Amino acid sequence: MEILQVENLSFRYPDAEKCALDGVNFSVNSGDFIVICGKSGCGKTTLLKLLKRELTPFGECTGSICYMGNQLVALDADITAGGIGYVFQNPENQIVTDKVWHELAFGLENLGLPTEVIRRRVAEMASYFGIQEWFRKNTYELSGGQKQMLNLASVMIMQPKVLLLDEPTAQLDPIAAADFIATLQKLNQELGLTVILVEHRLEEVFPVADKVMLLEDGNLLFYEHPKKMGEYLRTHMHEMMAGLPSAMRIFEALSGEGDCPLTVKEGREYITKQYDNSIDRLEIPPYEHKDALALELKNVWFRYERDLPDVLRGISLKVYEQEIFCILGGNGTGKTTALGVAAGLLKAYRGDVLVDGRKIAAFKNNELYRHHLAMLPQNPQTVFLQQTVREDFAEICTAMGYKKEEREMMITEIAGKLDITNLLERHPYDLSGGEQQKAAVAKILLTKPRILLLDEPTKGIDAHTKQLLADILKRLKADGLTVLIVTHDVEFAAANADRCALFFDGEVISVDTPTAFFSGNNFYTTAANRIARGRYHNAVTCEDVVELCRKNMPTVEEK
C-alpha cells in the first residue's frame with residue numbers, strides 16, 4: 001500500500017535562477033526504508049521539508065504530494081503533526097526543554113492528551129530507547145549521540161506513520177552512528193514504520209534500505225534497490241561512485257560480476273572466493289615528518305568551570321610542519337575542546353600551547369590569526385556575517401589587507417576549486433548544510449593560514465566534495481600548510497592523514513600513522529579494513545584492498 005505519492009513536484013526558492021526540485025515523481029509503500037543521496041545542494045533537504053508540511057520552505061511549489069491518498073496540504077494539522085515525524089541534522093536545533101523527561105512529554109502536552117496517557121507513553125518510549133539512566137538529566141548534559149536518540153524518541157512518542165530524517169548521524173561518532181541506524185532498522189522492522197532518510201554516510205544505511213533515491217540538480221536520476229546503484233553509477237561514470245559502501249566500491253573497481261555485495265560480511269566473502277592471498281600485505285614506507293613543530297600542546301588541563309570535571313586531562317600532542325593530523329574519538333571525549341584550546345579560544349588552567357615555537361599568550365592584537373592560524377568551527381553558520389557569500393569572502397579579504405585585484409582573483413579561484421561559484425550571490429543561511437560547509441572552508445582558506453584547524457570539515461558534504469577538499473589540503477600542505485582536523489569520518493582520515501590520534505576521557509590514548517592506527521582497531525577503523533582483515537594486511541582503504549586483489553591471482557572458481 002502506498003503511503004506517499006509525489007507527482008511532478010517542482011520547487012523554486014525566491015529569486016533563484018534554477019529549480020531546487022524539477023518534476024520529481026516517486027511513491028513510497030508503507031513500511032519502506034528509503035535512503036535519499038546525492039551531491040550537496042541537489043535538493044535532498046528541500047524534498048524532505050516539502051514532505052513535512054510544517055517545514056515547507058518559502059518559494060514557488062508545483063505538483064502534488066499525497067499522504068495516505070489525501071493531498072498533504074488539505075489535511076488537518078493534527079494528522080500531519082503526529083503522522084509525519086522529522087529529525088534534524090543538528091541535535092541542538094530540535095531540543096526545546098531543559099529536562100530529558102520533559103522533552104519526551106513536550107509534543108504530547110501540545111496535543112492536549114490526558115496526563116495518564118502522556119505518562120504511559122513517556123515511560124514506554126524511555127524504556128524502548130534505553131533512556132532510563134539519563135531520564136532526569138538536564139538536556140545540555142547529554143552527549144551528541146544521546147541528544148539525537150532523545151530527538152528520535154521525542155518524535156516516535158507521537159506514533160508517526162512516516163519518519164523523515166535529515167542526515168541524523170552527521171555529528172555522531174562511528175559507534176553512535178551505527179547504534180542510531182540500528183535503532184532505525186529496529187523501528188522499521190518491528191513497527192512497520194516508513195523511514196525516509198537523507199544521508200551522505202552510506203556504509204551503514206545501504207544494507208538496510210529497500211530503495212535508494214539519487215538526486216542531481218533537482219532531478220530524480222535513480223530510484224531502485226541499492227544493489228543496482230553501483231552498476232548504474234559505473235555505467236554513467238557518476239561522481240557518487242566514491243560515496244558508495246566499501247564492499248560495493250571494491251566490487252565495482254574490480255569489475256565484479258553477479259550479485260553486488262553491500263555489507264562487510266558480503267565483501268569479505270566476495271574477495272575470499274574470487275582472489276587468493278599469496279601476496280597478503282602492502283609494504284608501507286615509514287612516515288618521515290619535518291623536524292620543526294607547528295603546534296604543540298604540553299600537559300594541557302582544561303575545565304569549563306571551576307566546579308566542573310576536567311574535560312582535558314594532561315593532554316600532550318605534537319603536530320609537525322606540513323602535516324595533516326586527524327583527531328578521532330567518541331562524542332564528548334574532548335576533541336573539540338582541544339581544538340579550541342589550540343586555537344587560543346579557550347584558556348587552559350595548566351600546561352602550555354605553542355604555535356610555531358611561541359607560547360600562545362605571546363601573540364598580541366590578533367597577530368595569531370593573521371596568516372599564523374585559522375579555525376573552522378563545527379557549526380559553519382557561525383562563520384558568516386554578510387548577506388551573500390561573496391560579501392563574506394570580500395570582507396575577510398579586506399580584513400586581511402589584500403588589494404582589490406588580488407581579492408577578486410582569490411575569491412574566483414577558491415570558489416572554482418570548491419565548486420561553489422554558483423553560491424556566491426546567495427545568502428549563506430539559504431544554503432544546504434553541505435553547501436554551507438564548503439563555503440565556510442573556502443572563507444577560512446582565504447586567510448592563507450600556516451596552521452589550519454578544522455572541526456568536522458566533511459560533515460554534510462558528499463564524497464566528491466570530500467575528495468576536492470582533500471586535494472586542496474594536500475596542495476596547501478605541499479606549499480607549507482599544517483592541518484589539524486577533528487573528525488568522525490574514519491574513511492577521510494585513513495585516506496588523507498599523515499598521523500591519527502585517538503581521544504578517550506579527555507586524554508590522548510594513541511598516535512600513529514593511518515595504516516598502523518586503523519589496522520589495530522576494531523570499531524574506529526574503516527569498512528575496507530574490516531573486509532580485508534585476516535586476509536590482507538596493511539589495507540585500510542578501498543584502494544588498498546583493490547590493489548592487493550589485483551596483485552593476487554583469481555581463485556580456481558573464478559577461472
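Predicted model, so just to flag it, every value in this text is computed and none were measured.
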Before you tell me yes or no, could you show the steps for S246 and E203 under side-chain hydrogen bond (donor to acceptor under 3.5 Å, both in side chains), namely the whole-Å CA-CA distance, both residues' side-chain angles and the distance that decides it to 0.1 Å? CA-CA 7 Å; S246 297; E203 196 74 52; 3.1 Å; yes
From CA spacing to verdict: side-chain contact (heavy atoms from CB on, under 4.5 Å), L282, L548: CA-CA 7 Å; L282 289 175; L548 279 167; 3.8 Å; yes
Show the numbers, then the answer: is there a side-chain contact (heavy atoms from CB on, under 4.5 Å) between V87 and Q94? CA-CA 8 Å; V87 176; Q94 198 155 353; 4.1 Å; yes
Can R303 and D310 be said to form a salt bridge (charged side-chain N to carboxylate O under 4.0 Å, His left out), step by step? CA-CA 4 Å; R303 63 179 66 148; D310 288 312; 3.0 Å; yes
Any chance you could lay out the side-chain contact (heavy atoms from CB on, under 4.5 Å) test for F302 and R313, step after step, and finish with the verdict? CA-CA 7 Å; F302 177 86; R313 302 162 55 83; over 6 Å; no
Give the intermediate values and the outcome of side-chain contact (heavy atoms from CB on, under 4.5 Å) for residues T465 and L469. CA-CA 6 Å; T465 304; L469 174 61; 5.6 Å; no
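Look at K359 and E296 and you find no salt bridge, because none of the NZ, NE, NH1 or NH2 atoms lies under 4.0 Å from a carboxylate O. A salt bridge does not link K39 with D462: every distance from a Lys NZ or Arg NE/NH1/NH2 to an Asp or Glu carboxylate oxygen is 4.0 Å or more. Ion pair D471/K417 not flagged as a salt bridge, since none of the NZ, NE, NH1 or NH2 atoms sits closer than 4.0 Å to an Asp/Glu carboxylate oxygen. Between K99 and E103, none of the side-chain N atoms (NZ, or NE/NH1/NH2) sits under 4.0 Å from a carboxylate O, so this pair counts as no salt bridge. A salt bridge links E323 with R499; the closest basic N to acidic carboxylate O contact falls under 4.0 Å. Between R450 and D356, at least one side-chain nitrogen of the basic residue sits less than 4.0 Å from a carboxylate oxygen of the acidic one, meeting the salt-bridge criterion.
Counting all heavy atoms, side chain and backbone alike, M375 lies closest to L345 at SD-CD1, 3.8 Å. A pairwise comparison of heavy atoms in Q322 and A478 identifies NE2-O, 3.5 Å as the closest pair. Residues F503 and A338 share a closest heavy-atom pair of CE2-CB, 3.7 Å. Contact record, L262 with F206: CD1-O, 4.0 Å, taken as the closest heavy-atom pair. The minimum heavy-atom distance between S40 and I461, with the atom names listed, is OG-CA, 3.4 Å. Annotation for L193 and N188: closest pair O-ND2, 2.8 Å, computed over non-hydrogen atoms.
Judged by distance alone, with hydrogens and angles left aside, the side-chain atoms of Q381 form no donor-acceptor pair with the main-chain N or O of Q436 at under 3.5 Å. Without hydrogens or angle criteria, Y369 side chain to A343 main chain gives a donor-acceptor distance under 3.5 Å. Under a 3.5 Å cut-off, the side chain of H371 and the backbone N or O of T447 do form a donor-acceptor pair. Here the side chain of N521 pairs a donor or acceptor atom with the backbone of F517 at under 3.5 angstrom. A donor-acceptor pair is defined here as one N or O able to donate and one able to accept, closer than 3.5 Å; no such pair exists between the side chain of D280 and the backbone of R535. Put simply, the side chain of T333 never gets that close to the backbone of G506: no donor and acceptor are under 3.5 Å apart. At least one donor-acceptor pair under 3.5 Å links the side chain of N552 to the backbone N or O of I279. K147 places no side-chain N or O within donor-acceptor distance of the main-chain N or O of I95, the cut-off being under 3.5 Å. Within the 3.5 Å criterion, the main-chain N or O of Q378 finds a donor-acceptor partner in the side chain of K459. Within the 3.5 Å criterion, the main-chain N or O of A516 finds no donor-acceptor partner in the side chain of S519.
When side chains are defined from C-beta on, Y287 does not count as touching D512, because their heavy atoms never get closer than 4.5 Å. The shortest distance between side-chain heavy atoms of H488 and P174 falls below 4.5 Å. Proximity of V441 to I444: side-chain heavy atoms (C-beta onward) are nowhere separated by under 4.5 Å. V483 is not listed as a side-chain neighbour of L476, based on a closest heavy-atom distance of 4.5 Å or more. The closest side-chain heavy-atom distance from L346 to T337 is below 4.5 Å. Side-chain atoms of D210 and V35, non-hydrogen and from C-beta on, never get closer than 4.5 Å to each other. Within the 4.5 Å cutoff, no side-chain heavy atoms of T482 are placed close to those of L295. For the pair V490/F492, no side-chain contact is recorded, criterion being any heavy-atom separation below 4.5 Å from C-beta on.
In this structure, K347 places its NZ atom where only 12 or fewer heavy-atom neighbours from other residues, nucleotides or ligands lie under 6.0 Å away. Counting heavy-atom neighbours within 6.0 Å of K318 NZ, excluding the residue itself, gives a total of 12 or less. Sparse packing is recorded around CG of D291, with 12 or fewer heavy atoms of other residues, nucleotides or ligands lying under 6.0 Å away. Surrounding CD of E133 are at most 12 heavy atoms belonging to other residues, nucleotides or ligands under 6.0 Å away. Environment of CZ in F504: sparse, with no more than 12 heavy atoms of neighbouring residues, nucleotides or ligands closer than 6.0 Å.
Between N538 and T515, the side chains place no donor N or O within less than 3.5 Å of an acceptor N or O (distance only, hydrogens not considered). With no hydrogens or angles considered, a side-chain donor-acceptor pair links N138 and E141 at under 3.5 Å. Side chains of E199 and T169: a donor on one and an acceptor on the other come within 3.5 Å. In summary, the side chains of N522 and R530 do not present any donor paired with an acceptor at a separation below 3.5 Å, with no hydrogens or angles considered. Side-chain N/O atoms of N529 and T526 include no donor and acceptor closer than 3.5 Å. Checked by atom type, the side-chain pair N379/T382 shows no donor-acceptor distance below 3.5 Å.
Under the salt bridge (charged side-chain N to carboxylate O under 4.0 Å, His left out) criterion, D166 pairs with no residue at all, not counting sequence neighbours.
A cation-pi contact, defined as under 6.0 Å to the ring centre and within 45° of the axis, links R358 to F363. Cation-pi check for K227 over F251 is not met; the charged atom does not lie both under 6.0 angstrom from the ring centroid and within 45 degrees of its normal.
With rounding to the nearest 0.5 Å, the separation of NZ in K448 from NE2 in H372 is 15.0 Å. Taking NZ of K466 as the reference point, atom OG1 of T458 lies at 4.5 Å (rounded to 0.5 Å). The line from CG of L214 to CG of L233 is 6.5 Å long, rounded to the nearest 0.5 Å. Once rounded to the nearest 0.5 Å, the distance linking OG1 of T272 with CG of N277 reads 8.5 Å. Here the SG-CD1 distance, from C542 to I250, works out to 4.5 Å after rounding to the nearest 0.5 Å. The distance from the CG atom of L48 to the CG atom of L164 is 4.5 Å, given to the nearest 0.5 Å.
Residue pairs meeting the ring pair (Phe, Tyr, Trp, His ring centres under 6.0 Å) criterion with at least one member in residues 310-360, sequence neighbours excluded: H289-Y320.
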